[in-house]
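Written out below as structure tokens is the structure these notes cover.
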Amino acid sequence: MPANLNTPEAQLNALETDLPMLFQVHSSSGGFWAAFAGLADVIEDNAGAHQELVARRISAMLTRHGIACEDEPGAVT
């Protein structure tokens, strides 16, 4: 059964809505990337055939919010 994009899309919208608060709460403790990855990974894991689209959307939302998308923790601009 093909994955339905509606669920990942709704989850991505919610994640982007919460992103500023998530960044504010976790940036001072250095736990932003762990908190963000925990949420984003669930969306990617459930995206099925849409994983590449979901990954691009996650990268774009980070860019829109001025957060560097790098492998290193603390890569916040």
Side-chain angles (χ1 to χ4, degrees):
M1 179 174 188
N4 183 340
L5 188 55
N6 291 334
T7 299
E9 188 69 25
Q11 292 171 331
L12 287 165
N13 289 340
L15 179 59
E16 186 157 14
T17 298
D18 293 343
L19 188 57
M21 181 201 58
L22 185 68
F23 181 73
Q24 183 178 25
V25 168
H26 294 285
S27 65
S28 63
S29 68
F32 170 76
W33 288 113
F36 181 79
L39 297 170
D41 287 350
V42 170
I43 300 169
E44 288 182 316
D45 290 347
N46 293 320
H50 304 290
Q51 284 182 328
E52 187 175 322
L53 178 67
V54 167
R56 285 195 311 261
R57 171 86 189 274
I58 289 170
S59 180
M61 82 172 62
L62 290 168
T63 299
R64 271 192 300 280
H65 290 273
I67 303 169
C69 186
E70 297 181 15
D71 292 335
E72 294 298 316
V76 178
T77 59

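Throughout, residue positions are numbered sequentially from 1 according to the sequence presented.
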**Study point:** Inter- and intrachain pairs under salt bridge (charged side-chain N to carboxylate O under 4.0 Å, His left out), touching residues 47-63, at least two apart
**Key:** Glu9-Arg57, Glu16-Arg57, Glu52-Arg56
Check your understanding: Which value, rounded to the nearest 0.5 Å, describes the distance between Leu19 atom CG and Arg64 atom CZ?
Key -> 9.5 Å
Review point. Are the side chain of Ser59 and the backbone N or O of Ala55 linked by a donor-acceptor pair below 3.5 Å?
Key: no
Review point. Do any pairs count as a salt bridge (charged side-chain N to carboxylate O under 4.0 Å, His left out) and have a residue in residues 19-37, sequence neighbours left out, and if so which ones?
Key: none
Check your understanding: Quick one: are Val54 and Asn46 in side-chain contact, heavy atoms under 4.5 Å?
Key -> no
Review point. Out of curiosity, Glu44 CD to Leu12 CG, how far, rounded to the nearest 0.5 Å?
Key: 8.5 Å
Check your understanding: Can Phe36 and Asp41 be said to form a side chain to side chain contact (heavy atoms under 4.5 Å, CB included), step by step?
Key -> CA-CA 8 Å; Phe36 181 79; Asp41 287 350; over 6 Å; no
Review point. Do side-chain atoms of Gln11 reach the backbone of Ile43 as a donor and acceptor pair under 3.5 angstrom?
Key: no
Point to revise | Closest contact, heavy atoms only, Ala47 versus Pro8 | key: CA-CG, 4.1 Å
Exercise for review: Taking all heavy atoms of Val42 and all of Gly38, pick out the closest pair and write down the distance.
Suggested key: CG2-O, 3.4 Å
Review point. Between Asp18 and Phe23, does a side chain to side chain contact (heavy atoms under 4.5 Å, CB included) hold up when you go through it step by step?
Key: CA-CA 9 Å; Asp18 293 343; Phe23 181 73; over 6 Å; no
